[in-house]
Amino acid sequence: MTMQPNRLAVGGRIDRGTTFSIRFNDRDIVAHPGDTLASALLANGVKIVGRSFKYHRPRGVFSAGVEEPNALVQLREGARTEPNSRATTVEAYPGLVARSQSGWPSVDTDLGAIVGAFARFMPAGFYYKTFIGPFRNTRWWMFCEHFIRRAAGTGIAPAAPDPDTYEKVNAFCDVLVVGAGPAGLSAALAAARAGARVILAEQDRDLGGSLLDQTVGDTWLRATVDEVASLPNVRILTRTTTFGAFDGDVYGLVERAWDHVDVPPPHQPRQRYWVVRARSAVMATGAIERPLVFGGNDLPGVMSASALRAYLNRYGVLCGRKIVLFTANDSVYATAGELARAGAAVTIVDMRSDLPEELRSRTAAAKVDVLAGFAVVNTHGGKAVTAVTVAAVSGREGGTKGPVRRIDCDVVGVSGGFTPTLHLWSQRGRKPRFDTDKLAFLPDGSIPTLVCAGACAGADTITDAVSSGFAAGAKAAAAADFVGDAGALAPPKLADDGWQRGAMLISAVRAPDGEIPAKSFFDLQHDVKSTDIELAHREGYVSVEHLKRYTTNGMATDQGKTSNVNALARLAELRGSPIPAVGTTTFRPPYTPVAFGAIVGHEIGRHFRPTRLSPIHGWHAARGAAFIDAGSWSRPRYYPVSPGEDVQAGYIREARHVRAAVGLVDVSPLGKIAVQGPDAAEFLDRVYTNMFSTLKVGRLRYGVMLRDDGFVFDDGTTARLSETEFFMSTTTVNAGKVMARLEFLLQTAWSDLKVQVTSVSDQWATIAVAGPKSRTLLQATCGAADLSAQALPNMAFACAAIDGVPVRIHRMSYSGELAFEVYIPARYGHSAWAELMRVGEPFGVAPYGTEAMGALRIEKGHVAGGELDGRTTLKDLALERFASTKKSFAGCVLRKRPVLEDPTRPSLVGLMTIDKTVSIKAGSLLFPATGDIAGHGDGHVTSTTFSPTLGGHIALGLLARGPARLGETIRCVDFLGGTTVNCVVTAPCFVDPEGVRQNA
Amino acid sequence: MLEFRSALDGHLSPGHFGAAAEPGKLILSERPLGALVQVGGWRDSFESVAAPLLQRFGFAGTGGFAMAQTAGEAIAFRTAPERILLNFPSPAAWEAVAAGIDQAATPTLDLSHARTVVRVSGPAAAGLLARLLPIDFDDAAFGPDRFVQSTLHSVGVLVHRRARSAPCVDLYMPSSFAVTVWEMVTHNAASFGYQVSGAG
Amino acid sequence: MTHYSALSLVAKAFSGHRSWSRAWRDPVPKPAYDIVIVGGGGHGLATAYYLAKEHGLRNVAVIEKGWLGGGNTGRNTTIVRSNYMMPGNTMFYERSLRLWEQLSQDLNFNQMVSQRGQFNLCHSPASLDAARRRGNVMRANGIDAELFSREEVMRRLPYLDYSDDARFPIIGSLFQPRAGTVRHDAVAWGYARGADALGVDIIQQCEVTGFILERGAVVGVETSKGPIRAKKVGTAVSGHTGYLAAKVGLRLPLETHVLQAFVTEPLRPMIDSVISYAAAHFYISQSDKGDLVLGGDLDGYNTYAQRGGLPLVEHTFASAKALIPSISRLRLMRQWGGVMDMTMDGSPIICKSPVDGFYINGGWCYGGFKATPASGYCFAWTLAKDEPHPDNAEFTLDRFRNGYQIDEKGMGPTPNAH
Amino acid sequence: MLRFKCPVCGLRDETEFDYGGDATVVRPATAETAFEPWYDYVFLRDNPRGPHREFWHHSRGCRQWVVVERDTLSHDIGDVVLARDAVKENRS
């Protein structure tokens, strides 16, 4: 392990008693608990952490927080690797491994920096003007893009699935306090004392916010934290970022529960996503220090002044020995004194010339040099700053005048003022307002349930923050109807330096020659320079949004947290307008980047969506069925008889068996709806195209429903159980939609009908028993009931029992065979199936799956999903006979629109291949036997199968003027598969069109 | 008689799973449902017809939307304006009354097989439920006898806080979704550590 | 107008890029134009460009209430494709793709048209059949399409979830090689620069507050910069078509909905094509900068607020991780929402309206970006000739009256389901 | 996340509901045979930018259809009532 050259012997909030090692770019680095990766790197003297995106310039740590634009690293390795991690927010832990994301061969020596030599040819938007190519196609650009893409991006995505787990928590509170700095802590205390249920969410590991970066105020902090933590109605979430504010006072939070270790403890989530429904909230999100823009302001060693203070006081790291603090406000003066006391030679370069005496005397006492009325114009140094050039300020627009002087230094701390963190406010649909006194964007107007407090609301000092926080907490509690007495809270005793008194907002410093130095960077991550902004303006990209998009300023991973306001000020200057007239860009969620895994929680893999299982599923699984998804259901597709039997062989075998003997298929997934009430028959007459009021008790009827626009919606068979009760079945896929529609009609326009509908899909297991021996099998299973053709004709039902369990037997056929559907209370479904299999053994009973069921229905010409595609009419599907002429029904008017009545519409036909050995693919297009094959054809093939009965391939299709073309030879063209198959057009029903078998 | 088989058959193996935890912190089990019957009706007559019917089982009346009523081992949930779910430990109690009900005035429906009930009990129950449902399970908001109909893993479920001294919550879920919901429950329970027990 | 080329870039570099001229003017509106286009997004600017270029109509103004390209041109997932099945749509979108293929040269502005190919994954035999029908229609109409087996998809997209744990197995894919992405901002800027060079006035920060009606006909617009008369007024205002049409007394067969989009932090190249995950209404691609660009489903309720909600964030993230399990530790950087007209059949409207002088280009649902060139081309044709081009002949308001619903999804008149 | 105060269940997340569109359109009586009322009901919408009355189905709750007053610009939610109490049916 190496030394920690910049770690002070005393001070900071780290645990010096414990030392561990972390690895950065294959180098061992010493760290202590309480360090961040950035503080450890700085303590160990690491200057260059990354390279910039465009010009590969060396970049070091800039900040100490979430706004970090430079120090992005590839954290961890293997399946747990995380690109673009901010070293400033990554907590150090033993065994941490991180790497720079750019630089070849190394981040210290990056050959990519050669790009910098061509910088002048790469101004903002240069790619819009080049790579166009001479020919009218995309080839030249795509050739160039190939190389451009190679340079794209920064970090590397993991290659393997994430081994860690995540969880989602729903939370409710009266007051959510975002941020636990002085304002947030005060707000939480006030709200909790008033009796509100409070959630206090802090992105940092520790509570305290900016107080953690100071050496005074600890007594107040400890007392306040202790009281807040002691209250039973406060839940404190640390390491928790409130990333988004949404409608309904709902907030999205991510807690990095176990991100500060390499591998979370067993069963513990790495991150936890909190969805907080708050009755009201306090936004105490603080403010982010704004850089100053000057020549070479991107060199390692140029840092945010407040970050220098944080590294000093929180981490015991003195980032430099000769420090220049460049500012235009008061906030750096306390920092200067602290840095000087820690042993650094400190020079303040303050753009303001008329400094208050109080500041001057303090700095004199602390042996800090002050150059008032000066500005840093340029830095010197190759890979880190070694000196700065300063010049006297001239005017208020960032101008300087000669002569220049040079000050040697190893760190430059910059403070251009502070930018309140208004992201959550903005996400609630509000525009911030520019305050010309405070030189900052502040919340505009009010949202009754969101109160801003502290620096984000414009509080200038910690004293202000505490009082505004306490008031905000009480106000938020009152908004949630808690008006208990919150008492008072004394502020900490601090000598506060604000950032507002006499402050200046300078977009960029000009050299004495009047020019902004070439390497003055606004967006440090995207290398956006002043010249880029000037060019954008020159070319007419004068809206802030155009500027952002044309120059990419503010579009990096930090989303402009440090760069937006300065760039905006520069644009305002160029336009000759005040900042309020130029406006600002909108903050979009998330406040800081959010990992996908966190939000998804446990809804991953198989549990991405719920899966429905039939009550008989266990039997199918034990039998070795091959399953397939049907809607949300998992259903047996076929039951392989040997491991090698494929689906094709399997379904043909199963379908053939049904026609020869008897088969069972599990149709439990059919939608089933109880329709009850005195007006049930009237209701069904309205929703079905055909008549149900005439249906006799004990009988079944097939029905079709239309959408209101006249297209076919769904079909199914309905039984009349009594005068006032029907049992409706729907297709599996549409079950939910049909149910919702029936409820809609009954609860809105038809609320006068005394009808209620209830889904009973889960109440019943349904087994279809089909085949010439089906009656024999059923009769043998339910001895007492009379299932003869006379007692139970087709489309009738009977009540019976299987082994003492009452069941209902519907005689109906989907396969065209003699067939029944047996309805069994669900928990008996499995054993009823097993019983049918047992009893049926002598009759050769066999199970069949959805594939064989489909083959049988195609042979019979029944329509299903391929035909009921939401674009077909009754006529298209040869179902016109089901349209009653004696009554009105939903869809009956709009189905008569002219295009839907057009006799040339594609309508249902059967297709049989002329060469029985060739198959057709569903989705093939239909064309006449001769002529061109182009356009949309005469229709398409909707369903196909091999017909065991006919010994050839058949299909259903929708063919223009179909019924008039029986016997015609047409071509089924599968362009994608490169096949053309000649078919003869037939009626849709291929097998037993007279229904002899099903009526047997 | 045919074998009665729960939708969760084969999915609940007794034992301790997930993180280490003290016994009893979180217990998951299947509660045998018994009989579940829906009683419906019409706006103009529901109160007058359904209230006497419920009183025959010992309930005070049709009840409100948020609180379940209990009468002995029977429970009544007012799930919608003219809709009540009745749960009995066995069908006998219901069947004695059912035959005489005028179905035109009070349509009833047997849903005993349509739901499966998972019981969550122990001090960590509220924490687990917060991971599963968008409902406030704080004691103040979800005390004994409260029930809600909400969504768990996109599935509509009824959640009932039993009036017992220790936290104990029953989740009524559509039987076809029971396995998928059970798995979602156990995945979320793992960070607490949980015990699967055979009986509710 | 300065010609853009590598040469001009190098030449101007030596003068510090100080001699570039404005990409478009900032004109004061004239009192009257032949045609006023309301909406300075891709569609409106393209319309103006083609009016000038194809029809010689240069006395044209485009009026934009904000900044040009600030609507859905800047709020989309940049995908272009022409995989449409229904008559009425197929050739229109193919025209658009063909225009895209030469747009950089036409406009002398690099649109970064990148034909990286698009996968439409299939998860069931039924979805494979539907994909086959779509692909066959494409091929029969001279459009490129291929149907890939599961094995072929595995070879090309090895990072998807093919495990037994995948909720929706990937069994194949329709693939359009010529589909891809376009640099969205460049579209608005390129058309603006092109139209401006042909004499079109582009008037930004000018809100249309009403229409000037005479004898029942629209003869101009009232704006925040005063009245502007026009022989014809066309609207191309994405989610606000219904809002503007109401001002001339029209109710339209559409609702305004929001669609969210998402980008991650930038990454080294990972995803080379556009992938759409039909089982969950999710799609993803990677930009040249390295961000993954993701889109999901509509939030599902009428809204004009350009922001979406958490449920769709959760839906989209869950879809992303279900499709690409290794995405778990990557991070979302930015999300946004764009509002759009969702029509009753999911297909657009480009036609003369029942009100004389008032022309509608809207109803783009979430297919608007890819349609931009053909939309502008056909709308310009319709405005110039008072009759539709054959490629937009079916995009009428009347189609709902006569039953010609162009319903790619078969969802019927449920706008949020398309 | 929108949250609605269901008259039966209380304040609940949007995720428990399904959207049902404009609640101001009036469904013609089933016996209505004229084209225009049906065309209007099925296809045409005011699509307002501002206050909107709309149907939501508490499909993962009490299964009641409700009518919600919601502003399409601000997403502010007003009254929520059961649809059956709000819908004026057209029984002409």
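Sequence lines set the chain letters: A, B, ... in the order given, protein chains first and strands last, and positions in each chain run from 1.
For the residue pair C/Thr90/A/His936, the side-chain donor-acceptor check at 3.5 Å is satisfied. Between the side chains of C/Arg167 and A/Thr611, at least one donor N or O sits under 3.5 Å from an acceptor N or O. Between A/Thr592 and C/Arg331, the side chains place no donor N or O within less than 3.5 Å of an acceptor N or O (distance only, hydrogens not considered). In summary, the side chains of C/Glu101 and A/Thr138 do not present any donor paired with an acceptor at a separation below 3.5 Å, with no hydrogens or angles considered. Using modelled atom types and a 3.5 Å distance limit, the side chains of A/Arg897 and C/Gln405 yield a donor-acceptor pair.
The main-chain N or O of A/Asn137 is found under 3.5 Å from a side-chain atom of C/Gln105 such that the two form a donor-acceptor pair. Remark: side-chain polar atoms of A/His546 are not paired, donor with acceptor, to backbone N or O of C/Trp189 under 3.5 angstrom. A distance-only check finds a donor-acceptor pair linking the side chain of C/His17 to the backbone of A/Arg120 [under 3.5 Å]. Between the side chain of A/Asp162 and the backbone N or O of C/Ser328, no donor-acceptor pair lies under 3.5 Å. With hydrogens and angles disregarded, no donor-acceptor distance shorter than 3.5 Å links the side chain of C/Asp288 to the backbone of A/Arg149. Using modelled atom types, one side-chain atom of C/Asn110 and one backbone atom of A/Tyr127 make a donor-acceptor pair closer than 3.5 Å. A donor-acceptor pair under 3.5 Å links the side-chain atoms of A/Arg871 to the main chain of C/Glu408, judged by distance alone. Between the side chain of C/Arg132 and the main chain of A/Asp974, no donor-acceptor pair closer than 3.5 Å is present.
Screening residues 305-318 of chain C for salt bridge (Lys or Arg N to Asp or Glu O under 4.0 Å) gives A/Lys168-C/Glu314, A/Asp247-C/Arg307 as the qualifying pairs, with residues at least two apart or on separate chains.
Between C/Leu267 and A/Ile156, every side-chain heavy-atom pair lies at or beyond the 4.5 Å cut-off. With a 4.5 Å cut-off on side-chain heavy atoms, A/Tyr128 and C/Gln111 do not count as touching. With a 4.5 Å cut-off on side-chain heavy atoms, A/Phe135 and C/Gln102 do not count as touching. When side chains are defined from C-beta on, A/Pro123 counts as touching C/Leu9, because their heavy atoms get closer than 4.5 Å.
Of the listed residues (C/Lys409, C/Gln205, C/Arg183), the greatest number of heavy-atom pairs within a distance under 4.5 Å of chain A belongs to C/Arg183.
For chain A, no part of C/Ala305 is nearby; none of its heavy atoms comes within less than 4.5 Å. When heavy atoms are compared at a cutoff of 4.5 Å, C/Ser114 approaches chain A by way of both its backbone and its side chain. Using a 4.5 Å cut-off between heavy atoms, C/Gln115 touches chain A through backbone and side chain atoms alike. At a 4.5 Å heavy-atom cutoff, the contact between C/Lys289 and chain A is made by backbone and side-chain atoms alike. If you measure heavy-atom distances from C/Met333 to chain A, the contacts under 4.5 Å come from both the backbone and the side chain. In this structure, chain A has a heavy atom under 4.5 Å from the backbone of C/Gln306, while its side chain stays farther away. When heavy atoms are compared at a cutoff of 4.5 Å, C/Phe109 approaches chain A by way of both its backbone and its side chain. In this structure, no portion of C/Met138 lies under 4.5 Å from any heavy atom of chain A. With a threshold of 4.5 angstrom between heavy atoms, A/Glu901 does not approach chain C through any atom at all. Looking at C/Ser287, the atoms closer than 4.5 Å to chain A (heavy atoms on both sides) all sit in the backbone: N, CA, C or O.
From A/Leu894, atom CG reaches atom CZ of C/Phe400 across 12.5 Å, with rounding to the nearest 0.5 Å.
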I'd like to know whether C/Arg329 forms a salt bridge (charged side-chain N to carboxylate O under 4.0 Å, His left out) with A/Glu82, so could you lay out the CA-CA distance, the side-chain angles of the two residues, the decisive distance to 0.1 Å, and finally the verdict. CA-CA 6 Å; C/Arg329 298 176 92 98; A/Glu82 286 160 27; 2.8 Å; yes
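The existence of a salt bridge linking A/Lys548 and C/Asp185 is excluded, since no basic side-chain nitrogen approaches an acidic carboxylate oxygen closer than 4.0 Å. Using a cut-off of 4.0 Å between Lys/Arg side-chain N and Asp/Glu carboxylate O, A/Arg136 and C/Asp106 are scored as salt-bridged. Residues C/Arg75 and A/Glu545 are not paired through a salt bridge, judged by the lack of any N-O separation under 4.0 Å between the basic side chain and the carboxylate.
Aromatic rings from C/Phe14 and A/Phe121 are positioned such that their centres are separated by under 6.0 Å. You'll find the ring centres of A/Tyr541 and C/Trp24 inside the 6.0 Å limit.
The salt bridge (Lys or Arg N to Asp or Glu O under 4.0 Å) test applied to C/Arg116 returns A/Glu145, C/Asp272, not counting sequence neighbours.
In this structure, C/Tyr277 and A/Phe608 have parallel ring planes: the angle between them is below the 30° cut-off, well short of the 60° mark.
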